[in-house]
K.L.:
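Below you will find the structure I want to go over with you.
If you're wondering where the values come from, they're calculated on a predicted model, not measured in any experiment. Just the heavy atoms: all of them, side chains too, but no hydrogens, waters or symmetry mates, feed the values below.
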Amino acid sequence: MVNEHQQPADRPAAQTPAGQKSPAAGDVPVAETGDFWLLLGAAALLGIFGGLFGLFFMWLLRLGQGWYAYSSPGWMGGHWWWVALTAGAGLVIGLLRWATRLPFKTPGLIADLQDQYVNPRLVPGILLVSTASLIGGASLGPEKALGSVGGGLGQWMAARRRLDDDGRGATTLSGMAGAYGGLFSSPIIVVMMIVEVARPGGAQLTRVLVTSILSASISFGIYFAVAGTVFLDLYAVPSFSYENWYLLAGVGIGLLAAVVSTLLGVTVTASGKLFDKLRLPDMVKSIIGGVLFGVIGVILPLTMMTGTDQLGVVLKEGPTLGLGLVAVLVIAKMITMGVSLGSGFIGGPIFPALFIGGAAGVALHLAVPSLPLGLTFTCMLAAVVGGFVSAPFAMVLFAAFTTQIGALNTTPVLIAVITSFVTVEAVKFLLARRTRGGADAVADRTD
């Protein structure tokens, strides 16, 4: 639902259609072309780089975020000096943008994947601003910075080797896969997400699959050898036995997830438009954004940071926090995410969306205790993000891996995710159709 595609002037308007080749080249099997083996070599190098850089970047974030410690996960559990720190982060971000000449609007993660393009010249600024954003407490994730570094390096390597559009796209995506292989604790999840969002077709699908699997697997091997897994078994939900009626419940949960996904998209989009209308210098906008999510963080400290550790607290202490507070956390996290993105902070949308989905699942269980917590949490965790970033199957895998609910219990999760995804896509279709209809009506009146 969120329109995070902000395309700078030097960004390609469109890539060559996926898989499109000249008639002569199209008859040659992919593995029999010289470029294919060049792509494999590049993917291996990108996997090594992605694993090492991912380790360094996540270590740096953990070190920088050491200031974050709240007195209570409930109301007013933060500290008022946080506001000065988050406002200072906004000032630092403004200065970094000025020093690196980074535009206020840069392409988001989903746009990078869909376009299969990362502008290497923007990468240093994106990396610095994203690092300051995440250390400064913004409600964003590390996936944007990691993807930009990996994808930007892949784009640069492809340009050096003068690959065609398909080759450049595959190398860029394999660079992003290498950056995510260790972060998501499973190459399968990474490859599935990239394929679902980027949607390569034809011969390019083979290139993207093979190179992304290779890159993500090498990165995962390096990451696991040093740091172990990041998300495997992260959220220990109470076990529950499968019942047939959970399939029908999955449909209802999926519809609720679609509402949450749509509301999240509307919140992020509206926040971006609101900051765009402010006739203020970009640096001032960033400072205002830092103050806003800092104040919300003081009131509700679980809205700060990426949301990964904070979601574990909500899952464990949900009954103590209460339905009202958990529901407010869901809405507040949407606002802080929208403010962070709209005011010039840079980060990924997936991790805060996971917090929103998981917390909404806890709230649903508290509201309807007859629904098992393991069911509501896992379904909403996957379905909200699956609808929001249009990667339903990747999110099913992610939810199954992080909660370990068992193969049988993933069936209602799959139903919930597909229901959410189809509903959100239907909403997008209706909105686009209404917009086109309004534009046609205006054109008819002017004629």
Side-chain angles (χ1 to χ4, degrees), residues 36-65 109 112-113 116 118 120 123-124 126-128 130-131 134-135 141-158 160-161 169-198 207-235 306 308-309 347-348 350-351 354 391 394 397-398 400-402 404:
F36 178 75
W37 301 102
L38 289 176
L39 293 177
L40 285 182
L45 293 175
L46 290 168
I48 295 171
F49 172 81
L52 294 175
F53 182 79
L55 283 168
F56 168 75
F57 187 70
M58 297 306 293
W59 168 81
L60 180 64
L61 292 184
R62 286 290 182 184
L63 186 66
Q65 293 173 346
L109 173 64
D112 290 342
L113 289 168
Q116 302 174 27
V118 175
V123 171
I126 289 174
L127 177 60
L128 291 173
S130 183
T131 302
L134 298 175
I135 291 177
E143 64 273 20
K144 170 58 181 175
L146 289 172
S148 294
V149 172
L153 179 59
Q155 188 75 32
W156 178 81
M157 292 173 66
R160 295 272 295 182
R161 298 184 179 189
T171 308
T172 299
L173 294 178
S174 65
M176 300 179 79
Y180 297 147
L183 179 67
F184 286 95
S185 300
S186 170
I188 299 175
I189 296 174
V190 173
V191 174
M192 182 64 72
M193 181 181 71
I194 288 175
V195 170
E196 285 189 288
V197 178
R207 294 182 177 88
V208 171
L209 277 175
V210 175
T211 56
S212 296
I213 290 172
L214 177 62
S215 180
S217 298
I218 293 174
S219 173
F220 171 76
I222 294 172
Y223 207 102
F224 182 81
V226 177
T229 58
V230 179
F231 288 110
L232 191 63
D233 296 330
L234 179 63
Y235 301 120
T306 64
T308 302
D309 296 334
I350 296 177
F351 284 78
L354 286 170
L397 291 174
F398 181 86
F401 282 23
T402 55
Q404 295 290 298

K.L.:
Partners of Arg160 by salt bridge (charged side-chain N to carboxylate O under 4.0 Å, His left out), sequence neighbours excluded?
P.N.:
none
K.L.:
Is there a donor-acceptor contact under 3.5 Å from the side chain of Arg207 to the main chain of Leu39?
P.N.:
no
K.L.:
Going by the side-chain hydrogen bond (donor to acceptor under 3.5 Å, both in side chains) test, which pairs reach into residues 39-60, not counting sequence neighbours?
P.N.:
none
K.L.:
Quick one: sort the Phe184 and Phe351 rings into parallel, tilted or perpendicular, breaks at 30° and 60°.
P.N.:
tilted
K.L.:
Applying side-chain hydrogen bond (donor to acceptor under 3.5 Å, both in side chains), which residue pairs with at least one partner in residues 42-54 are found, sequence neighbours left out?
P.N.:
none
K.L.:
What pairs meet the salt bridge (charged side-chain N to carboxylate O under 4.0 Å, His left out) rule with one or both residues in residues 170-194, with sequence neighbours excluded?
P.N.:
none
K.L.:
Where the side chain of Ser217 meets the backbone of Ile213, is there a donor-acceptor pair that is under 3.5 Å apart?
P.N.:
yes
K.L.:
With distance as the sole test, does Glu143 use its side chain to make a donor-acceptor pair with the main-chain N or O of Ile350 at under 3.5 Å?
P.N.:
yes
K.L.:
Using atom types as modelled and distance alone, determine if a side-chain donor or acceptor of Gln116 lies under 3.5 Å from a backbone N or O of Leu173.
P.N.:
no
K.L.:
Please confirm whether the backbone N or O of Thr171 pairs with a side-chain atom of Ser174, one donor and one acceptor, at under 3.5 Å?
P.N.:
yes
K.L.:
Only counting residues at least two apart or in another chain, list the ones meeting side chain to side chain donor-acceptor pair (under 3.5 Å) with Thr172.
P.N.:
Gln155
K.L.:
Counting only pairs under 3.5 Å, give me each side-chain donor-acceptor contact of residues 44-54, with atom names and distances, residues two or more places apart or in other chains.
P.N.:
none

